[in-house]
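All figures in this text were calculated on a predicted structure; none of them were measured in a lab.
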Number of protein chains: 2
Amino acid sequence: MAEKGIPDIVVGRLPIYLRALQRMRAENRHITSSQELGERLGISAAQIRKDLSQFGEFGKQGTGYSIDFLAEQIRQILKVDRVWDIAVVGAGDIGSAVARYQGFANRGMRVAMIFDNDPGKIGQKVGSFTVQDIEQIESAVRAAGIQVAMIATPGAQAQAVADLLISAGVKAILNYAPISLSVPENVHVQYIDPVIHLQRMTYYL
Amino acid sequence: MAEKGIPDIVVGRLPIYLRALQRMRAENRHITSSQELGERLGISAAQIRKDLSQFGEFGKQGTGYSIDFLAEQIRQILKVDRVWDIAVVGAGDIGSAVARYQGFANRGMRVAMIFDNDPGKIGQKVGSFTVQDIEQIESAVRAAGIQVAMIATPGAQAQAVADLLISAGVKAILNYAPISLSVPENVHVQYIDPVIHLQRMTYYL
DNA sequence: TAGATTGTTAATCGATTAACAATC
DNA sequence: TAGATTGTTAATCGATTAACAATC
């Protein structure tokens with residue numbers, strides 16, 4: 001699947017770089033350097049230059065990088081120079097918070113629909129969305145051509161939901177349920193579990 | 001700070017192993033092997049054995065690992081054989097969802113208090129908690145001896161909140177705000193930003 | 001015993017860093 | 001020009017894997 005031989009770990013840092021660049025832009029800055037970016041992010045300047053060099057030459061010797069230009073290049077690389085519609089599954093606390101989340105704006109993502117299996121939730125409003133019956137998920141996702149989804153169901157249902165989404169054409173899943181999903185190799189999964197992050201820190205306390 | 005020379009990346013996998021073991025236990029299993037665990041998690045058996053060997057000898061040749069015993073050992077290593085009280089800052093959608101989250105149970109974490117700066121939220125209930133005035137955060141966190149916190153404020157306030165928490169004695173922060181925090185080296189930070197995870201996947205679409 | 005699986009060593013693989021010529 | 005910073009190469013560092021003796 002990897003279009004070229006770019007290491008996953010490098011791709012994983014690009015969104016971090018992009019977020020920092022957008023923040024600098026919001027501070028009305030126009031130029032930065034690998035050194036400055038590195039200091040902000042706790043990453044070495046050499047690594048930032050090496051990472052970027054995998055995709056092209058975006059800077060100028062002696063000057064650094066145009067923030068606008070570099071951000072736009074990274075957006076193109078990550079394919080977030082467009083807007084991806086997202087299907088959210090699960091209208092509980094997490095799904096609802098995600099559906100109302102303001103942080104997707106200008107970052108290439110937009111929640112497009114939200115599903116649940118609870119008759120008490122179906123038809124209710126969550127933010128600007130009406131909760132849809134999970135029975136309709138496959139046809140609705142397929143019809144909208146959605147490729148990106150977020151699972152915010154209890155763990156017990158997450159695998160079944162993932163299977164449905166995949167058969168509807170979804171290729172990227174962000175999973176909030178606390179289980180490892182098993183998916184075909186052309187489907188990408190990322191995990192968010194706050195407890196995992198917390199447990200990783202208590203070791204050092 | 002590192003008590004021994006255990007690589008961060010190894011510590012980071014322990015919570016994943018623990019979660020899988022707890023799941024197996026819930027399925028009423030009693031014994032597992034590095035191979036089975038690896039297949040569930042998409043990690044090589046050799047890596048799991050190598051990781052665990054950093055901390056001790058927890059298995060039996062020919063048999064594998066007792067799920068209960070190994071889970072308990074990992075809990076002790078991660079210091080989640082106790083319950084950590086957590087302060088949540090920000091009673092918006094994310095903070096509220098976290099405060100009501102059921103997934104902390106039996107995993108060594110418990111939300112203990114939630115703060116906001118909005119007079120319209122202070123005094124209101126969020127789950128079983130009453131939102132407290134952020135003015136009281138330093139004294140309340142210090143008095144409770146809290147060392148773990150989650151920041152769920154807008155990005156603009158996150159650094160100031162982090163500074164307050166740190167001066168109150170917090171040593172581990174899970175940050176939902178979309179900015180990199182700058183903290184002393186004895187304070188640990190982890191980040192959750194759904195957009196970062198999503199952008200990391202769109203590259204491959 | 002025979003079969004299975006650990007813990008560990010050595011080999012391989014990959015990622016990070018340091019250094020510097022090129023050049024803006 | 002002098003100073004600064006890139007892109008890239010080579011060296012270093014660290015992580016993963018393969019293999020196997022030990023042993024349950």
Side-chain angles (χ1 to χ4, degrees), chain A residues 1-18 20-21 24 29-74 77 200 203, chain B residues 1-18 20-21 24 29-74 77 200 203:
Chain A
M1 276 291 106
E3 213 174 286
K4 290 169 75 183
I6 311 286
D8 271 8
I9 197 164
V10 173
V11 175
R13 280 191 292 260
L14 294 184
I16 311 274
Y17 299 162
L18 178 56
L21 290 166
M24 286 179 182
R29 305 279 314 288
H30 289 90
I31 301 283
T32 188
S33 66
S34 58
Q35 192 184 0
E36 185 191 38
L37 207 43
E39 277 168 14
R40 286 216 184 194
L41 298 175
I43 292 177
S44 79
Q47 177 157 90
I48 291 173
R49 294 201 301 279
K50 188 104 209 290
D51 285 352
L52 295 176
S53 76
Q54 303 261 14
F55 303 96
E57 307 188 358
F58 306 128
K60 278 208 203 354
Q61 285 104 321
T63 308
Y65 301 90
S66 154
I67 290 171
D68 278 338
F69 178 75
L70 181 56
E72 187 53 32
Q73 294 300 309
I74 295 178
I77 294 165
R200 187 176 184 155
Y203 171 80
Chain B
M1 276 292 105
E3 215 173 284
K4 289 169 76 183
I6 312 287
D8 272 9
I9 197 165
V10 173
V11 174
R13 280 190 292 261
L14 294 185
I16 311 275
Y17 300 162
L18 178 56
L21 290 166
M24 286 179 181
R29 306 277 315 289
H30 289 89
I31 301 284
T32 188
S33 64
S34 57
Q35 192 184 1
E36 185 191 37
L37 207 42
E39 277 166 15
R40 285 215 185 196
L41 298 174
I43 291 177
S44 80
Q47 178 156 89
I48 290 172
R49 294 200 303 278
K50 188 107 210 290
D51 285 352
L52 295 176
S53 76
Q54 302 262 14
F55 303 96
E57 306 190 358
F58 306 127
K60 280 211 202 350
Q61 285 104 322
T63 309
Y65 300 91
S66 154
I67 290 171
D68 278 337
F69 177 75
L70 181 56
E72 188 53 31
Q73 294 300 310
I74 295 178
I77 294 165
R200 188 177 183 154
Y203 171 80

Once you round to the nearest 0.5 Å, how far does OG of Ser34(B) lie from CD1 of Ile43(B)? 11.5 Å
Write down the distance between [atom1] ([X]) and [atom2] ([N]), rounded to a whole number of angstrom.
X: Gln35(A); N: dA4(D); atom1: CD; atom2: P; result: 11 Å
X: Ile48(B); N: dA18(D); atom1: CD1; atom2: C1'; result: 16 Å
X: Asp51(B); N: dT8(C); atom1: CG; atom2: P; result: 13 Å
X: Gln47(B); N: dG14(C); atom1: CD; atom2: P; result: 14 Å
X: Leu52(B); N: dT16(D); atom1: CG; atom2: P; result: 13 Å
X: Ile31(A); N: dC24(C); atom1: CD1; atom2: C1'; result: 12 Å
X: Ile9(B); N: dC13(D); atom1: CD1; atom2: P; result: 19 Å
X: Gln73(A); N: dG7(D); atom1: CD; atom2: P; result: 11 Å

What is the minimum heavy-atom distance between [X] and [Y], and which atoms define it?
X: Tyr203(B); Y: Ile6(A); result: OH-CG1, 3.4 Å
X: Ala71(A); Y: Leu18(A); result: O-CD1, 3.7 Å
X: Gly12(A); Y: Pro15(A); result: O-CD, 3.4 Å

For DNA chain D, what residues of residues 56-70 of chain A have any heavy atom nearer than 4.0 Å? Glu57(A), Phe58(A), Gly59(A), Lys60(A), Gln61(A), Gly62(A), Thr63(A), Gly64(A), Tyr65(A)
Show the numbers, then the answer: is there a side-chain contact (heavy atoms from CB on, under 4.5 Å) between Tyr65(B) and Arg49(B)? CA-CA 10 Å; Tyr65(B) 300 91; Arg49(B) 294 200 303 278; 3.7 Å; yes
Phosphate oxygens OP1/OP2 of [N]: is one of them under 4.0 Å from a side-chain N or O of [X]?
X: Arg13(A); N: dT16(C); value: yes
X: Arg49(A); N: dT6(D); value: yes
X: Ser44(A); N: dT17(C); value: yes

Could you check if a side-chain atom of Met24(B) sits within less than 4.5 angstrom of a side-chain atom of Leu37(B), using non-hydrogen atoms only? yes
Report yes if the side chains of Leu52(A) and Ile74(A) come closer than 4.5 Å at any heavy-atom pair, otherwise no. yes
Please check if the number of heavy atoms outside Gln35(B) that lie under 6.0 Å from its CD is greater than 12. no
Canonical and wobble pairing (Watson-Crick, G-U, under 3.5 Å) of DNA chain C, dot-bracket with |: ..||||||||||||||||||||||
Of the options dA15(D), dT8(C), dT16(C), whose atoms approach the side-chain atoms of Lys50(A) most closely? dT16(C)
For Tyr17(A) and Asp51(A), run side-chain contact (heavy atoms from CB on, under 4.5 Å): C-alpha distance rounded to whole Å, both residues' side-chain angles, the deciding distance at 0.1 Å, then the answer. CA-CA 10 Å; Tyr17(A) 299 162; Asp51(A) 285 352; 2.6 Å; yes
